[in-house]
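Remarks on the structure that follows.
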4 protein chains.
Amino acid sequence: MKKKEKTYQQILEATFILFAEFGIQGTSLAMIAEKVGISKPSIYYHFPSKDALIETVFKVIFADYRFDNYFQIDKMTAKNFEKKLYSGGISMIPETNEENFIVMKVLNEFILTAGREHNYAGEIVELQKDFLLGFERCMDKGVELGVVDAKDSKAKSQLLALTIDNISNYMLMGIQVEYRKIWKLAITNIMERVDK
Amino acid sequence: MKKKEKTYQQILEATFILFAEFGIQGTSLAMIAEKVGISKPSIYYHFPSKDALIETVFKVIFADYRFDNYFQIDKMTAKNFEKKLYSGGISMIPETNEENFIVMKVLNEFILTAGREHNYAGEIVELQKDFLLGFERCMDKGVELGVVDAKDSKAKSQLLALTIDNISNYMLMGIQVEYRKIWKLAITNIMERVDK
Amino acid sequence: MKKKEKTYQQILEATFILFAEFGIQGTSLAMIAEKVGISKPSIYYHFPSKDALIETVFKVIFADYRFDNYFQIDKMTAKNFEKKLYSGGISMIPETNEENFIVMKVLNEFILTAGREHNYAGEIVELQKDFLLGFERCMDKGVELGVVDAKDSKAKSQLLALTIDNISNYMLMGIQVEYRKIWKLAITNIMERVDK
Amino acid sequence: MKKKEKTYQQILEATFILFAEFGIQGTSLAMIAEKVGISKPSIYYHFPSKDALIETVFKVIFADYRFDNYFQIDKMTAKNFEKKLYSGGISMIPETNEENFIVMKVLNEFILTAGREHNYAGEIVELQKDFLLGFERCMDKGVELGVVDAKDSKAKSQLLALTIDNISNYMLMGIQVEYRKIWKLAITNIMERVDK
DNA sequence: TATGAATGAGACTTCATTCAT
DNA sequence: TATGAATGAAGTCTCATTCAT
């Protein structure tokens with residue numbers, strides 16, 4: 001029983017890594033089997049089909065890639081708001097975290113696929129909304145704490161979501177941007193100018 | 001002569017549309033041939049290989065998707081700077097531009113592929129840099145015109161590039177964001193607060 | 001395990017026969033599969049590619065077609081030298097042996113191919129040299145036994161090699177030559193005229 | 001009219017050279033067209049099919065590769081018999097005759113093909129017989145001139161034919177043999193030992 | 001006299017999947 | 001719990017050939 005669970009995990013992990021490197025369509029069961037060190041049909045013992053495997057991979061990512069994993073709103077105070085927001089964003093950026101890099105790559109695969117096949121479309125959108133809503137809650141908290149102007153707070157949250165999201169994309173493409181400065185700038189811009 | 005050119009264009013267009021719908025790997029020569037209404041080997045009369053066809057599609061997009069097609073820096077003045085910047089960005093957004101929708105989808109395909117196969121990687125990066133540099137030139141112009149504070153002007157331009165880029169991505173995914181507000185907000189934020 | 005080995009052998013044998021009949025290039029995997037009674041992709045379970053299959057066929061022939069399989073030098077004596085040489089040569093000639101006929105045909109295929117693709121060139125030459133050297137050793141033995149004049153013994157051995165080789169070629173082409181007489185004549189000519 | 005004839009010859013020549021290099025099956029009409037510098041369908045203006053082209057190539061070779069082109073029996077005398085025989089053979093050997101090298105390669109192609117398709121089989125055999133008969137006439141002449149023992153004269157002629165034929169084969173394969181010595185030896189062997 | 005454009009047949013190969021063991 | 005053996009469908013690509021121009 002333990003062995004089964006182990007192989008299952010190995011298959012998932014191998015698939016995960018291969019998806020990041022070769023894409024979903026570019027990854028064959030043969031490749032996965034070889035990486036795990038099992039035979040091709042063995043995969044069918046654990047997953048009824050390639051599609052099911054894909055979906056499982058998706059769900060695993062889906063489960064982990066959540067706003068609350070990066071930002072803890074309930075720990076935000078007027079004093080640390082800007083700082084928490086800043087460090088949360090930075091922790092999302094692939095470069096800073098190897099694991100993230102692969103996750104993001106596979107995620108991008110799914111996002112692209114989502115536009116074509118409707119299997120994941122819903123969940124992808126849900127995932128993006130999780131972040132959008134997370135930033136909204138965050139802005140609300142900021143307003144509540146008196147560090148963010150209530151005006152256009154929804155657009156502000158979306159701007160933050162977009163920014164952090166695309167910084168990741170650029171990192172993934174290997175384009176170097178001054179992401180700390182950019183993120184800082186984005187945050188500063190949406191915050192109330194107390195000095196005024 | 002005309003006939004060849006016509007079929008050539010038909011193949012390109014069909015490929016283009018199919019790439020947008022099914023992805024590069026998900027599009028077979030059989031599908032293209034069927035869509036055009038020719039036989040599979042006929043494609044080889046016009047393109048030496050599938051790779052060559054892919055590359056041509058890529059170059060066509062690459063040729064058109066340029067910063068200067070959307071923003072005309074030389075026509076910017078202190079007075080219309082904000083407005084021009086705003087309208088230029090809006091014109092890039094898929095929803096407002098049917099044609100753009102497909103272009104962006106295929107472009108995304110290439111971007112994803114670029115991370116894996118190094119065929120287009122260089123050109124993709126070049127393309128992204130074209131936009132990054134475009135916004136930089138834009139900020140410089142803004143500084144020159146006295147409507148943008150010189151401080152962190154590079155990070156500002158990157159922020160704008162990221163924002164407009166990712167608004168497109170969200171639209172592609174079918175996630176509705178208040179993109180006009182977001183874009184407005186982004187622009188306002190980077191502009192000098194003359195009222196201060 | 002046994003099943004695999006069996007199919008493997010069946011593929012090899014079918015390939016062998018088809019090569020003899022239609023040539024290497026003239027034999028498709030479809031033809032092989034049909035002859036064996038399996039599906040085309042099944043061949044790939046046993047051989048990674050057509051080239052690999054070709055090479056295996058080549059090696060099988062290569063392993064069997066050896067001078068020592070036809071001539072046993074160590075059993076030659078002054079008395080039986082001429083006779084052993086004669087019977088060894090005769091046993092090589094295709095007509096006398098159905099199996100040989102196919103082997104020779106396929107071998108000729110490889111020889112022809114060898115001139116073009118350098119895959120087998122080296123081994124083909126090695127094979128020919130095996131026979132050339134075999135006859136040289138044979139002549140040396142003859143000299144040692146005192147039944148062959150040492151003069152030009154190398155040219156003599158080459159003459160024998162050429163003769164037996166081309167008798168085969170003629171048989172393959174269906175040209176009837178008095179091969180027994182020819183071979184006899186060739187042997188007689190190179191032997192020391194003791195009676196003179 | 002002249003132009004037509006010229007192109008016709010160019011096609012033949014190109015085909016000839018390509019056959020020698022890539023084999024008959026390995027040579028496509030596209031390759032021929034490219035080498036000549038014309039379009040693929042243009043070949044069909046001069047030859048009704050690839051098979052027809054192949055046959056023409058065959059006939060051209062067939063017309064030139066004749067015993068009488070290398071050996072002039074009517075000029076043989078008792079004195080020069082051995083010498084003429086020797087030089088005639090040497091002139092047939094590819095190494096000594098650049099042109100011959102290609103001819104022999106293509107000829108070998110046809111010989112191999114002949115075993116499979118019955119198109120050329122008859123003519124190939126006829127060609128080989130031309131040489132066999134040539135050597136027979138040659139031996140008869142030798143007998144008539146009193147320099148060759150009448151006994152087994154047919155087998156002797158066949159031995160000579162085989163020998164010179166296979167020296168060519170070895171040269172083609174790039175196996176160096178002492179062909180002058182071999183040929184000399186073969187001739188000496190079949191000649192009457194006048195010194196006895 | 002030649003070619004531009006196209007095609008049906010078929011080549012090798014890979015894939016996800018099945019099923020008896 | 002896993003695999004050995006096999007397969008139908010589909011992929012890219014090449015070939016000899018056709019036909020209107």
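In what follows, chains are A, B, ... by sequence order, proteins preceding strands, each numbered from 1. All values below were derived from every heavy atom in this structure, side-chain atoms included, with hydrogens, water molecules and symmetry-related copies excluded. In this text, all values refer to a predicted model and were calculated from it rather than measured experimentally.
At whole-Å resolution of the value, CG in B:L53 and C1' in F:dT12 are 12 Å apart. Computed from coordinates, the B:E5 CD to E:dA6 P distance equals 12 Å when rounded to whole Å. Taking atom CD of residue C:Q25 and atom P of nucleotide F:dT14, one finds them 15 Å apart after rounding to whole Å. A straight line from CG of C:D51 to P of E:dC12 spans 10 Å, rounded to a whole angstrom. Atoms CG (B:L29) and P (F:dA9) sit 20 Å apart, rounded to a whole Å. Residue A:F47 contributes atom CZ, which lies 16 Å from atom P of E:dT18 at whole-angstrom precision. Taking atom OH of residue A:Y45 and atom P of nucleotide E:dT17, one finds them 19 Å apart after rounding to whole Å. Atom pair B:I54:CD1 and F:dT12:C1' shows a separation of 11 Å (rounding to whole Å applied).
One N or O on the side chain of B:E109 and one on the backbone of B:I24 form a donor-acceptor pair closer than 3.5 Å. Put simply, the side chain of A:T27 gets close to the backbone of A:L18: a donor and an acceptor are under 3.5 Å apart.
Proximity of residues 31-40 of chain B to DNA chain F (heavy atom under 4.0 angstrom from any strand atom) is restricted to B:K40.
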Exercise for review: Evaluate side chain to side chain contact (heavy atoms under 4.5 Å, CB included) for C:E99 paired with C:V103, printing each intermediate quantity in order.
Suggested key: CA-CA 6 Å; C:E99 174 85 49; C:V103 172; 4.1 Å; yes

Check step by step if ring pair (Phe, Tyr, Trp, His ring centres under 6.0 Å) holds for B:Y8 and B:F47.
CA-CA 8 Å; B:Y8 180 90; B:F47 300 91; 4.8 Å; yes

List the steps and the verdict of side chain to side chain contact (heavy atoms under 4.5 Å, CB included) for D:T56 and D:T15.
CA-CA 10 Å; D:T56 305; D:T15 306; over 6 Å; no

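Candidate nucleotides E:dA6, E:dT18, F:dT17 were compared by shortest atom distance to the side chain of A:Y44, and E:dT18 ranks first. Residue B:A30 has its side chain nearest to F:dG11 when only E:dA2, F:dG11, E:dA11 are considered. Closest to the C:P41 side chain, of the nucleotides F:dA9, F:dT17, F:dT3, is F:dA9. Comparing E:dC12, E:dA2, F:dA2 against the side chain of C:K50 picks out E:dC12 as the nearest.
With rounding to the nearest 0.5 Å, the separation of CD1 in B:I32 from CD1 in B:I17 is 11.0 Å. Distance check, rounded to the nearest 0.5 Å: OH of C:Y44 to OG of C:S49 gives 7.0 Å.
In this structure, F:dA9 and E:dT14 make a Watson-Crick or G-U wobble pair, each of the two defining distances being under 3.5 angstrom. Summarising the base pairing, E:dA20 is matched to F:dT3 through a Watson-Crick or G-U wobble pair whose two defining distances lie under 3.5 Å.
A:S28 comes within 4.0 angstrom of sugar-phosphate atoms only, judged by non-hydrogen atoms across all strands, and of no base.
Residue D:H46 places no side-chain N or O under 4.0 Å from the OP1 or OP2 atom of E:dT1.
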